[in-house]
Amino acid sequence: MDRPWEADPSAGFARRLGMSAAQLGSTNGRDGCPDIWELDNGDIAVIGRDLTDSYAARLPPDVTIATDERLVVIPGTMLRSAKPDIADD
């Protein structure tokens, strides 16, 4: 069955939304860093900690995670710093 939306793996990174993990003090510069990026097709890429297994048993009733999806957590300050870069439409 076709889904109404599919991620396009050929989309490129267009611009960071908000501040980098280094700017927010959310990284030591050596390990993976959370990040939020707008792709050149308008989709959003989020890099964060994969906590799918940790949250799986306690998802709200109307939340599902498909086998090809992951629940990713990023620092709240990172999303808040991106607010000015996210269009209202």
Side-chain angles (χ1 to χ4, degrees):
M1 178 163 79
D2 287 337
R3 295 175 174 171
W5 172 82
E6 285 292 341
D8 178 1
S10 69
F13 290 88
R15 67 183 180 121
R16 172 179 279 122
L17 300 179
M19 293 187 270
S20 70
Q23 291 170 304
L24 293 168
S26 300
T27 182
N28 60 13
R30 293 177 299 146
D31 297 330
C33 301
D35 222 335
I36 307 170
W37 281 80
E38 182 176 1
L39 302 178
D40 58 15
N41 67 354
D43 286 347
I44 305 298
V46 178
I47 301 167
R49 298 279 161 61
D50 178 0
L51 294 182
T52 306
D53 293 340
S54 298
Y55 281 90
R58 51 194 173 111
L59 294 172
D62 61 341
V63 175
T64 58
I65 301 173
T67 57
D68 62 345
E69 296 176 329
R70 307 306 290 163
L71 186 150
V72 175
V73 175
I74 61 172
T77 56
M78 179 163 281
L79 184 59
R80 287 188 288 279
S81 82
K83 188 175 180 180
D85 294 335
I86 300 171
D88 290 332
D89 57 336

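Atoms considered below: every heavy atom in the structure, side chains included; atoms not considered: hydrogens, waters and symmetry mates.
Surrounding CG of Asp88 are at most 12 heavy atoms belonging to other residues, nucleotides or ligands under 6.0 Å away.
To the nearest 0.5 Å, the span separating CD1 on Ile36 from CG on Asp85 amounts to 9.5 Å.
Clustering ILVMFWY residues whenever any of their side-chain heavy atoms sit less than 4.5 angstrom apart, transitively, puts Val73 in a cluster other than the one holding Met78. The hydrophobic clustering, which links ILVMFWY residues whose side-chain heavy atoms are closer than 4.5 Å, places Val46 and Trp37 apart. Transitive grouping of hydrophobic side chains (ILVMFWY, heavy atoms separated by less than 4.5 Å) brings Ile44 and Ile86 into a common cluster. Tracing side-chain contacts under 4.5 Å through hydrophobic residues (I, L, V, M, F, W, Y), one never reaches Val63 starting from Val72; they form parts of separate clusters.
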Original post:
Would Leu59 and Thr64 count as a side chain to side chain contact (heavy atoms under 4.5 Å, CB included) if you check the C-alpha gap in whole Å, the side-chain angles of each, and the deciding distance to 0.1 Å?
Top reply: CA-CA 7 Å; Leu59 294 172; Thr64 58; over 6 Å; no
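In plain terms, the two heavy atoms of Ile74 and Ile47 that are nearest each other are CG2-O, 3.3 Å. Of all the heavy atoms in Arg70 and Thr52, the pair that sits closest is CA-OG1, 3.2 Å. Nearest heavy-atom pair, Pro75 versus Ser26, reported as atom, atom and distance to 0.1 Å: CG-OG, 3.9 Å.
In this structure, the side chains of Ile65 and Tyr55 stay at 4.5 Å or more apart for every pair of heavy atoms. Looking at Ser81 and Leu24, their side chains come closer than 4.5 Å, going by heavy atoms from C-beta outward. Taking the side chain as every heavy atom from C-beta outward, Asp40 and Phe13 never approach each other to under 4.5 Å.
Screening residues 8-24 for side chain to side chain donor-acceptor pair (under 3.5 Å), with sequence neighbours left out, gives Asp8-Ser10, Arg15-Glu38, Arg16-Asp35, Ser20-Gln23.
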